[in-house]
S.K.: 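Here it is, the structure, as structure tokens.
Here is how names work: the chains are called A, B, and so on, in the same order as the sequence lines, proteins then strands, and each is numbered from 1. Hydrogens, waters and symmetry mates play no part in the numbers below; they use all other heavy atoms, side chains included.
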Amino acid sequence: MQNLLHNLNEEQLAAVTLPAQSALILAGAGSGKTRVLTTRIAWLVQTGQVSPSGILAVTFTNKAAKEMLTRLSAMLPINTRGMWIGTFHGLCNRLLRTHHRDAALPQTFQILDSQDQLSAIKRLLKANNVDDEKFPPKEIMYFINGAKDQGLRADKIDPYNADERKKVELYQLYDDQCQREGVVDFAELLLRTYELLVRNQPLREHYQQRFQHILVDEFQDTNDLQYKWLKLLAGHGTQRGGVVFAVGDDDQSIYAFRGANVGNMSAFEREFNVKNLIKLEQNYRSHGHILDAANILIANNSKRLGKNLRTDAGHGEQVRVYEANSDLSEASWIIEETKNLIHDGASRSEIAVLYRSNAQSRVIEHALFSAGIPYHVYGGLRYFQRAEVKHAIAYLQLMDNPHNDSAFLRVVNFPTRGIGARSLETLQAAAEQYRISLYAAVPYVTGKAGTSLSGFVKLIEGVRFETQQMALPELVRIVLEQSTLLTHYATEKEGADRIENLEQMVSAATQFLSEEGYGQGSPAHLGAQSQAQSGDAIINQDGIEILDADAPLSTVMSPLSAFLSHASLEAGDNQAAASQEAVQMMTVHSAKGLEFNNVFITGLEEGLFPHESSSREHDGVEEERRLMYVAITRARERLYLSFAQTRMLHGQTRYNMKSRFFEELPEESLKWLTPKVQPGWFAAKKSAWDEAPLVGSDKALAQQISSKALAASTGWRLGQSVAHAKFGEGVIVNIEGSGNNARAQINFGSAGMKVLDLSIAKLEKI
DNA sequence: AGAAAAGCGATTTTT
DNA sequence: TCGCTTTTCT
């Protein structure tokens with residue numbers, strides 16, 4: 001135990017050894033948050049305060065859950081079994097599989113990812129003749145998920161106008177459709193579990209009693225439903241129930257747009273009567289100037305719990321700031337600096353280029369590519385989201401749950417087998433008439449359409465029969481062959497990659513079996529053996545003895561079902577493959593939780609970062625500032641900030657002012673690599689126009705020439721930075737007219753867009 | 001059924 | 001501008 005606690009600083013030690021009361025740990029960036037979380041668990045177990053099965057640790061990502069488990073098993077030689085460590089969704093999946101009857105779900109219910117959900121909604125709109133111009137599927141999806149994230153069912157929503165009434169109606173229809181098909185979306189996993197526990201007293205009390213310590217990671221990212229879920233499980237307001245140990249950082253709350261509610265932190269403090277608020281402010285990551293920049297920037301936010309990071313590392317280097325003429329020259333500057341870093345011995349994988357939005361990556365990628373510097377762009381399609389993989393998964397889904405109409409429609413005619421729109425219309429009509437799934441409706445279709453449809457059903461049934469005794473990887477192999485997916489892609493010109501991805505599924509299945517503790521040989525279809533291996537028996541409301549969801553997944557799910565949930569809940573690598581020796585490129589959002597020796601934050605311009613749409617959102621700019629805070633605190637040793645006067649965005653040249661964040665950073669921690677005050681146009685001309693290669697279309701060329709002409713006639717140019725007594729600093733975005741009639745449209749950033757008469761307004765070039 | 005053309009939308013993302 | 005989706009054409 002001494003081993004466990006030694007090396008912890010005072011704050012960390014205090015947090016780890018708190019008494020069994022609800023606690024809120026404000027964990028700053030790089031303050032050893034995961035360490036505290038895992039050591040807390042180990043300490044609780046090792047001091048005998050709780051048995052492993054009394055622990056519930058919840059995270060948002062699989063990566064975080066995996067990391068916790070790894071670190072924990074290094075600390076506790078035994079005993080990680082019985083603990084529940086996982087994502088909200090993973091844990092709910094487990095609970096719902098175990099108690100599927102009480103939750104009114106088939107045991108083989110399947111999980112829709114966002115793609116699937118959207119197509120399910122499109123299908124629903126079509127079936128109900130809803131005008132998808134007036135009710136775009138995306139909007140309906142947003143509406144439904146938003147409601148579920150707040151814990152609201154359709155019948156609990158009071159529509160405030162006719163349009164919303166329609167949306168509520170569609171929400172209900174969507175839920176009905178999912179129920180019919182035996183599928184659940186991500187939000188439903190949580191809501192269904194929540195409702196199950198609300199409704200079912202014995203079950204609720206069982207788990208409340210069981211989980212004596214509930215630990216939550218990234219608490220600032222919880223949405224309303226997740227908070228309610230935690231309250232329920234912790235028996236908030238009742239006698240029984242566990243203790244919640246919440247770890248989070250309000251300054252790193254950057255997911256409001258997907259329902260996260262930072263307010264949950266103060267709500268938790270209040271409602272759980274938190275006496276133990278501990279701040280972890282000792283930072284082990286960044287040098288002083290970087291930390292100063294972060295601290296001073298974030299101090300501009302008004303709604304904070306309050307926290308200031310400190311380091312023993314010394315000031316280190318100043319933050320380098322570069323003002324580029326254009327996005328192109330920003331990129332070439334990044335290349336130069338990157339080359340220097342590499343030349344000085346930096347590892348490429350310790351160089352990160354961050355940007356606010358994905359569209360910015362292209363120019364930088366291009367520049368890196370031309371310079372022959374290996375790079376890796378985060379984001380993009382994950383393995384299980386690729387079209388060909390989803391097709392194969394759909395076949396597997398149909399074998400496990402033939403009523404999944406989404407899966408049916410995805411592959412019934414892929415590869416093509418002569419089942420066209422006409423046949424499907426007939427089938428859909430039959431399914432509607434008897435209120436059954438498409439698969440079940442096949443026998444009701446007669447004629448030619450009926451023949452080809454039942455051919456498809458025979459294919460599925462045949463494979464199911466053939467693979468009855470087979471292990472999962474073999475089954476996958478058979479499906480790939482019998483579905484003719486492999487032969488189909490073999491005939492396509494660019495099918496080689498797809499075939500490779502499909503082949504990879506066999507090894508994915510093998511790997512899955514070993515990771516989840518399924519025997520390699522156990523038949524994929526094996527029905528779940530119903531025997532609890534540990535945990536108490538629970539008697540449900542009907543007086544029937546049921547399992548505790550503690551049993552290995554294999555007692556509750558066949559390998560096939562488990563593999564399918566895995567495919568939905570862990571869409572696969574894209575970030576995990578932090579490739580070996582390449583410069584890392586990603587959005588600021590995806591950089592959260594990562595750290596690098598050298599970090600570039602690019603595109604620091606008004607409208608881009610902070611993003612223009614953030615000014616329209618509640619506390620939008622504060623969230624952007626938190627985003628900037630996250631970005632800055634990714635850097636260990638060296639941080640670069642850059643912005644460009646001119647940027648091509650969505651096919652148009654934009655002239656942006658430098659980000660307001662520069663005014664909020666400490667002057668003494670910054671080192672301007674470019675003169676801070678730009679010389680006027682005539683001096684700037686040389687670098688601005690002559691340096692940038694005149695590539696691109698004639699139109700762009702013409703635009704440059706005409707803006708030169710305008711500059712000559714008015715003495716002003718597009719993109720010129722100006723100062724105005726009343727509006728402050730701005731950038732000329734457009735010039736109309738000439739001579740005494742010339743007027744300029746000027747973007748004054750936070751003061752707005754103005755059109756000023758150039759012969760009247762007193763403007764100063766800066 | 002599949003290719004070509006036209007249209008549209010464009011922060012941020014995990015499960 | 002560009003990439004993805006939908007529509008239209010062969």
S.K.: Figure out the CD/P separation between Gln220(A) and dT14(B), and round it to whole Å.
M.R.: 15 Å

S.K.: Quick one: Gln360(A) CD to dA10(B) P, roughly how many Å, whole number?
M.R.: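 To the nearest whole Å, that distance equals 17 Å.
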
S.K.: Strictly below 4.0 Å, N to O, side chains only: are Asp251(A) and Arg304(A) in salt-bridge contact?
M.R.: yes

S.K.: Would you kindly give the NZ-to-P distance between Lys122(A) and dT5(C), to the nearest whole Å?
M.R.: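 In whole Å, dT5(C) P lies 7 Å from Lys122(A) NZ.
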
S.K.: Looking across every strand, which nucleic acid part, if any, lies under 4.0 Å from Thr87(A) by heavy atom: base, sugar-phosphate, or nothing?
M.R.: sugar-phosphate

S.K.: Give Lys138(A) one of three labels, base, sugar-phosphate or nothing, depending on what nucleic acid heavy atoms sit under 4.0 Å from its own.
M.R.: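 Nothing, no nucleic acid heavy atom in range.
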
S.K.: Please work out whether the ring planes of Phe88(A) and Trp229(A) are parallel, tilted or perpendicular, with thresholds of 30° and 60°.
M.R.: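 Aromatic pair Phe88(A)/Trp229(A) classed perpendicular.
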
S.K.: So, His611(A) and dT11(B): ring centres less than 5.5 Å apart, planes less than 30° off, yes or no?
M.R.: yes

S.K.: What is the ring orientation for Tyr171(A) with Phe143(A), classed by angle as parallel under 30°, tilted 30 to 60°, or perpendicular over 60°?
M.R.: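 Perpendicular: the ring planes of Tyr171(A) and Phe143(A) meet at over 60°.
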
S.K.: Check every strand shown and say whether Tyr255(A) touches a base, only sugar-phosphate, or nothing at a heavy-atom separation below 4.0 Å.
M.R.: sugar-phosphate

S.K.: Could you tell me whether Glu492(A) contacts a base, only the sugar-phosphate backbone, or nothing, with contacts defined as non-hydrogen atoms closer than 4.0 Å?
M.R.: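 No contact at all - Glu492(A) keeps every heavy atom at 4.0 Å or more from the nucleic acid.
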
S.K.: Could you write out DNA chain B as dot-bracket? Rules: Watson-Crick or G-U wobble, both distances under 3.5 Å, brackets [ ] for crossings, | for pairs with another strand, dot for unpaired.
M.R.: ||||||||||.....

S.K.: Using the P atom in both, what is the distance from dT12(B) to dT5(C), to the nearest Å?
M.R.: 15 Å

S.K.: Can a donor-acceptor pair be found between the side chains of Asn656(A) and Glu606(A) at a distance below 3.5 Å?
M.R.: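 Asn656(A) vs Glu606(A): no donor-acceptor pair found between side chains.
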
S.K.: For dT15(B), take OP1 and OP2 only and decide whether either is under 4.0 Å from a side-chain N or O of Arg382(A).
M.R.: yes

S.K.: Among Tyr355(A), Phe257(A), Phe609(A), Tyr378(A), exactly one meets ring pair (Phe, Tyr, Trp, His ring centres under 6.0 Å) together with His589(A). Which residue is that?
M.R.: Phe257(A)

S.K.: Between dA1(B) and Asn413(A), is there an OP1 or OP2 to side-chain N/O distance shorter than 4.0 Å?
M.R.: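 For dA1(B), OP1/OP2 do have a side-chain N/O of Asn413(A) under 4.0 Å.
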
S.K.: Within this structure, what is the NZ-to-P distance between Lys592(A) and dT13(B), rounded to whole angstrom?
M.R.: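 Taking atom P of dT13(B) as the reference, NZ of Lys592(A) is at 13 Å.
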
S.K.: Let me know the distance between CG of Leu354(A) and P of dT13(B), rounded to the nearest Å.
M.R.: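 Distance check: Leu354(A) CG to dT13(B) P gives 12 Å.
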
S.K.: Tell me whether the ring of Phe257(A) lies stacked over the dT12(B) base, given a 5.5 Å limit on centroids and a 30° limit on the plane angle.
M.R.: yes

S.K.: Are Asn358(A) and dT11(B) close enough that a side-chain N or O sits under 4.0 Å from OP1 or OP2?
M.R.: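 False: Asn358(A) side-chain N/O out of range (4.0 Å or more) of dT11(B) OP1/OP2.
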
S.K.: Round to a whole Å and report the spacing from CZ of Phe384(A) to P of dT15(B).
M.R.: 13 Å

S.K.: Look at the side-chain N and O atoms of Thr587(A) and state whether any lies under 4.0 Å from the OP1 or OP2 oxygen of dT13(B).
M.R.: yes

S.K.: Counting only distance, no hydrogens or angles, is the base of dT15(B) paired donor-acceptor with the side chain of Ser114(A) under 3.5 Å?
M.R.: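 Indeed there is one.
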
S.K.: Taking only the side-chain nitrogens and oxygens of Ser590(A), find out if one of them lies under 4.0 Å from OP1 or OP2 of dT13(B).
M.R.: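 Ser590(A) to dT13(B) OP1/OP2: side-chain N or O found under 4.0 Å.
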
S.K.: Is there side-chain contact between Met265(A) and Thr222(A), with heavy atoms separated by less than 4.5 Å?
M.R.: no

S.K.: Indicate, with a heavy-atom threshold strictly under 4.0 Å, whether Asn62(A) touches base, sugar-phosphate, or nothing.
M.R.: sugar-phosphate

S.K.: Using a 6.0 Å distance limit plus a 45 degree cone around the ring axis, check whether Arg97(A) lies over the aromatic ring of Phe109(A).
M.R.: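 Cation-pi check for Arg97(A) and Phe109(A): passes.
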
S.K.: Pair Arg153(A), Glu195(A) - check side chain to side chain contact (heavy atoms under 4.5 Å, CB included), show working.
M.R.: CA-CA 10 Å; Arg153(A) 286 292 177 195; Glu195(A) 289 172 342; 2.8 Å; yes

S.K.: Apply the test side-chain hydrogen bond (donor to acceptor under 3.5 Å, both in side chains) to residues Asn501(A) and Glu388(A): give CA-CA distance (whole Å), side-chain angles for both, the deciding distance (0.1 Å), then the verdict.
M.R.: CA-CA 8 Å; Asn501(A) 285 330; Glu388(A) 65 278 16; 2.8 Å; yes

S.K.: Arg258(A) side chain: which of dT15(B), dT11(B), dT14(B) is closest?
M.R.: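 So the nucleotide nearest the side chain must be dT14(B).
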
S.K.: Determine if the base of dT7(C) is syn or anti; take syn to mean the glycosidic torsion is within 90° of 0.
M.R.: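 Anti, which is what one calls it when the glycosidic angle falls more than 90° from 0.
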
S.K.: Give the rounded distance in Å between these two atoms: CD of Gln117(A) and P of dT14(B).
M.R.: 16 Å

S.K.: In whole Å, I'd like the distance from the NE2 atom of His650(A) to the C1' atom of dA10(B).
M.R.: 4 Å

S.K.: Mapping Gly651(A) and Ala421(A) onto DNA chain B by nearest heavy atom, which one lands closer to the 5' end?
M.R.: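 The 5'-side residue here is Ala421(A).
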
S.K.: If you check the Thr416(A) side chain, which of dG3(C), dT15(B), dA1(B) turns out closest?
M.R.: dA1(B)

